[in-house]
Amino acid sequence: MTRVRSLAAGVVLLAARIAAADPLPEKSFGLPLDVSRDGHHIDTLLWFTLAAIVVIYVLVAGGMFWAFARHGKKHPAAHDGGTRRSIGVLVGAIAVIALLVDGPLFARTLFDMNDVFWNFSDVDRKPDVVRLEVNAHQWAWLARYPGPDGKFNTEDDIVTTNDIRIPVGVPILIQIASNDVIHSFYLPNFRVKRDAVPGMVNGLWFQAEKTGQYEIACAQHCGPNHYKMRGILTVLSKEEYQLWLRDSAAIAQRGYDPDDADAHWGWAWRSL
Ligand SMILES: [Cu+2]
């Protein structure tokens with residue numbers, strides 16, 4: 001009886017653990033739920049690649065099975081090194097794949113980078129843009145908000161650790177740097193990722209379309225505690241965000257210490 005009871009307790013505990021560790025709902029073949037304005041550009045490339053791979057796989061596997069079924073003891077395969085025609089067909093097939101698969105992928109990628117993902121200058125000009133500086137170090141993400149004066153590295157800045165809060169429906173423009181090694185700032189639910197490289201400032205921007213909490217991950221193995229670089233990005237309604245910003249600015253100003261040099265890691269906003 002005790003055994004049954006402890007077994008039942010074990011099952012309940014296990015079920016609770018699985019429920020608590022529930023990842024965000026995924027979409028179809030393991031893609032994290034996309035809650036961004038522009039993530040669909042990335043998903044389109046992935047779906048196109050998957051479709052092309054399936055078609056090529058079916059053709060190649062079909063050819064192999066056809067040869068396998070056709071040739072045997074009674075009908076041995078002839079190794080003639082290929083005829084002009086068969087080599088022509090092979091080279092033609094490679095050219096067709098390059099033209100119909102790699103070509104569109106390459107062109108689409110260039111357009112997407114140019115028009116959307118690396119179009120920092122257009123985003124920086126938008127009146128409602130939210131600007132943030134992110135500094136990666138072993139092993140945490142620090143985020144800096146410019147505070148009411150709109151300038152970085154001043155005493156009204158708000159600085160958070162592994163906790164970024166943003167409003168929904170407006171562009172978020174982030175500049176990223178690193179203190180020590182290369183890290184990679186990754187927001188799977190927004191389909192954006194950018195390296196944090198010591199000695200340089202990189203850009204990244206996205207727009208959230210849905211409130212909620214999403215994962216911030218480090219996508220570059222950066223040392224033994226790499227796995228600890230997990231943060232939470234909270235997407236708030238515009239009103240909630242303004243409230244949080246006001247409260248945090250007041251707290252930040254009270255805690256400002258001009259002599260704490262390590263705390264003043266921000267930089268003057270750059271044009272990227
Ligand atoms: Cu890292």
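Counting starts at 1 for both ligands and their atoms, following the listed order. Reckoned from all heavy atoms, side chains included, excluding hydrogens, waters and symmetry mates.
- Ion pairing between a basic and an acidic side chain is recognised when a charged N comes within 4.0 Å of a carboxylate O; K151 and D156 show no such pairing.
- Residues T154 and D157 bring a donor and an acceptor atom of their side chains to less than 3.5 Å of each other.
- Atom ND1 is the N, O or S atom of H183 at the shortest distance from the Cu ion (ligand 1).
- Side-chain contact check for W269 versus L173: some heavy-atom pair is nearer than 4.5 Å.
- Side-chain atoms of D38 and S36 form no donor-acceptor pair, as typed in the model, at a separation below 3.5 Å.
- Centred on the Cu ion (ligand 1), the angle running from M229 (SD) to C222 (SG) is recorded as 100°, rounding to 10°.
- Residue contact annotation: H221 places no N/O/S atom under 2.8 Å from the Cu ion (ligand 1).
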